[in-house]
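Just so it is clear, the values below take in all heavy atoms, side chains as well, and ignore hydrogens, waters and symmetry mates. Letters A, B, ... are given to chains in the order of the sequence lines, protein chains preceding strands, and every chain is numbered from 1.
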Amino acid sequence: MKKAIIYVAFLILLIAVVAGVLMYNKPHRAVQGEDPDFKLSVSELVTAFSTDETAANARYAGRIVEVHGKVKEMIPNEGSPVLLIGDSAEPIAVICYLRGEERDKYTPLAIGELVTVKGICNGMLLDVVIDEAILIE
Amino acid sequence: MNVRIEIVVALLFTGLSQGAITSSYSQSRFMDRTGKASFFSSAPVEDIEAHSEQVVAVFDTGTGEIAATMLMRSFKFRKALMEEHFNENYVESDKYPKATFKGKVVNLAGFDPTKDGLYSLDVEGEITIHGVTRPLRMKAKASVSGKTIETNAEFPLTVKDFKIDIPKLVVNNIAEVVEVKVSFVLKPM
């Protein structure tokens, strides 16, 4: 009986340690392979944020969004290549920080080209920010 | 200039001097929309650092005003769990999505943005994190080269000052004072 209790206690401890280690080393959220929470056009996302930033934050911030629109500006950067997507007539765009490994797909892009990007919405600064982004097409 | 940028710059500078916002100084404004910020926490159990490349900074060389804003959610950590705790438990990114700094270079007399060289800037202002605004002073290095001003600064922040509660359980994992570094490559707007 006593032995059984020791075994069970040991087993629980082992599970706790394994769970703890797994939790601590839990992987970063991968955008790749995950379905977007929202699929919308750049102008829809921009309108949502410019109309009511607090409401848009509650709805989109921290969620995976997939947006499509025209390339407005490209900032190659050292770390993440940056893509501004939006209408050249519109003052606000969507600024996408692409994952480093997307650079091969990023380099040949041209201003005005239609693109679809999936990533995590971080909120809005000058533009609506999408992070950890990957190019879908 | 882009209307949106004009609005944001106006918002960034609000409360400092309304005069600077009206376009008379616009040629002296420099901006970086992919500025960098990082912080480093050294504690007995572990060292934690986080980086962001999503800082918007504006420097008006005519008035000396500096403004910067960033999304807290953009900080990246080595461990996903640290990132989660940071956003959900400590800085509460849902409630307080942005950190902002508004300040002024107080020794502007010696700074010439048209002359290449290295300058040391004394900056005084206010920083807002987690909804709490505190005064902040720092020394920034600025390097002028052509039409670009590269600046960087380091300053310590006391976590407690910003009403960020660190649970007793992890008190040995997180430093009471974290070292913050910012760097901007500012170009004419």
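Looking at B:Met82, only its side chain comes within 4.5 Å of chain A, counting heavy atoms on both sides. Within the 4.5 angstrom heavy-atom criterion, only side-chain atoms of A:Tyr97, from C-beta onward, approach chain B.
Side-chain contact annotation: B:Glu53 with A:Ser80, donor-acceptor N/O pair under 3.5 Å present.
Classification of the B:Phe59-B:Phe111 ring pair by plane angle, with boundaries at 30° and 60°, yields tilted.
No side-chain heavy atom of B:Met72 sits less than 4.5 Å from a side-chain heavy atom of A:Asn122.
Among B:Glu84, B:Met70, B:Lys76, the residue with the largest count of heavy-atom pairs under 4.5 Å with chain A is B:Lys76.
Contact record, B:Lys187 with B:Thr148: CE-OG1, 3.6 Å, taken as the closest heavy-atom pair.
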